[in-house]
2 protein chains.
Amino acid sequence: MTAAPTTRRPTRQRAAIAEVLAASAGFQSAQELHAQLQSSGTRVGLATVYRALQAMATDGEADVRRTDDGEAVYRACSEGHHHHLVCRVCGRTVEIDGPAVERWTAQVSAEHGFSDVDHTLELVGTCADCR
Amino acid sequence: MTAAPTTRRPTRQRAAIAEVLAASAGFQSAQELHAQLQSSGTRVGLATVYRALQAMATDGEADVRRTDDGEAVYRACSEGHHHHLVCRVCGRTVEIDGPAVERWTAQVSAEHGFSDVDHTLELVGTCADCR
DNA sequence: ACCGAAGGTGAGAACGATTGTCAATCTCAT
DNA sequence: ATGAGATTGACAATCGTTCTCACCTTCGGT
């Protein structure tokens, strides 16, 4: 859980995947990432994308989350994080920053004796234009 | 997404499913629930179990959560809306109530002109016992 | 109580994301 | 350069979940 038991070698594919992941702000599924690589001309197998993402998640280089329909989505771990307010009709997305929420989560976590707490917050509503 | 426009009829199967769900304390997958019904002699189709659980979740009668491997697990929802603090190691779950978060989301939503905003917040960390 | 209409059910097929398989390929240390 | 072992990729195999469709129930009117 703390170290990488299996030796991990640097490869062209891993680098490409890490790069694409780091380049985008939000969470992406393995399939989306694979599609991006394809369209950018980088030929990488889908299975490899899955394996690389899992490895990164295990090594703490990526965050994993499950969408409502069970798809696994990944995000580069170190980047600053924010949340999204999504319109359920047109899909418009607003990035929001929630210092208040961050503070609250930290407090609640501590109260229950939890450490290394990560959080996911998503707001879904109807935007002014779609009302 | 906000109301249940489709009329929902009471049936033997729905009742059985709701009962089993209410009878157990923790989260269960649709498959586990189905197995329980089978062994207790209640004959219900797996597809029906899935449909019923989804309906209950939509109607706010059940809580849904995704396990790390993407399986959907359900639990009877006591009442009111709350969030979860889940241990990433042992899966222990603490229900938390976040008036501060509720307030914050309402405010942010209003600021951006969004209405009927729903939110999902999940905290994942390592509990004291698993540290 | 009887009927037609619309929702509900169940068995099995279909789906789609993810994982396993295995020969070919690539990296690293020697 | 070379051999050992990690990595890759095309494809098959899993497995939870959803779809299809013919049959069964419940509901509202009569």
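Just so we're on the same page: letters track the sequence lines, and every chain starts at 1.
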**Item:** Nearest-nucleotide pick for Pro10(A), side chain only, options being dG20(C), dT17(D), dC28(C)
**Value:** dC28(C)

**Request:** Tell me which of Arg12(A) and Leu46(B) sits closer to the 5' end of DNA chain D, going by the nucleotide each one is nearest to.
**Result:** Arg12(A)

**Message:** Need one value for Gln54(B): base, sugar-phosphate or nothing, where a base atom within 4.0 Å counts as base even if backbone is also close, heavy atoms only.
**Reply:** sugar-phosphate

**Message:** Without decimals, in angstroms, what is the distance between Leu53(A) CG and dT8(D) C1'?
**Reply:** 15 Å

**Asked** Hey, are Gln31(B) and Tyr50(B) close enough side-chain-wise for a donor-acceptor pair under 3.5 Å?
**Response** yes

**Request:** Using atom CZ of Arg14(B) as one end and atom C1' of dG8(C) as the other, report the distance to the nearest whole Å.
**Result:** 7 Å

**Request:** Round to the nearest Å and state the distance from Asp68(B) atom CG to dG16(D) atom P.
**Result:** 16 Å

**Request:** Specify the separation, in whole Å, of atom CD of Gln28(A) and atom P of dA17(C).
**Result:** 15 Å

**Message:** Using OP1 and OP2 only, check whether a side-chain N or O of Thr11(A) sits under 4.0 Å from dT27(C).
**Reply:** no

**Out of dG12(C), dG20(C), dT17(D), whichever nucleotide has its closest atom nearest the side chain of Ala47(B)** = dG12(C)

**Asked** Does Gly45(A) offer a backbone N or O that forms a donor-acceptor pair with the side chain of His34(A) under 3.5 Å?
**Response** no

**Asked** To the nearest Å, how far apart are Tyr50(B) OH and dA13(C) P?
**Response** 17 Å

**Prompt:** So does Glu19(B) have more than 12 non-hydrogen atoms from other groups sitting under 6.0 Å from CD?
**Reply:** no

**Prompt:** Atom CD of Gln38(B) to atom P of dG10(C): distance rounded to whole Å?
**Reply:** 10 Å

**Prompt:** Hey, is the side chain of Arg9(A) pairing donor to acceptor with the base of dT7(D) inside 3.5 Å?
**Reply:** no

**Prompt:** With a 4.0 Å cut-off on heavy atoms, is Arg43(B) in touch with a base, just the backbone sugar-phosphate, or nothing at all?
**Reply:** sugar-phosphate

**Message:** In whole Å, I'd like the distance from the CD atom of Gln13(B) to the P atom of dA11(C).
**Reply:** 11 Å

**Neighbour count above 12 (heavy atom, 6.0 Å) for Gln38(A) CD** = yes

**Complete:** When rounded to whole Å, the CG to P distance for the pair Asp69(B) and dC15(D) reads 12 Å

**No-H, no-angle donor-acceptor pair, Arg51(A) side chain to dG9(D) base, under 3.5 Å** = yes

**Message:** Counting the benzene-type ring for Trp, do His84(B) and Phe27(B) have ring centres under 6.0 Å apart?
**Reply:** yes

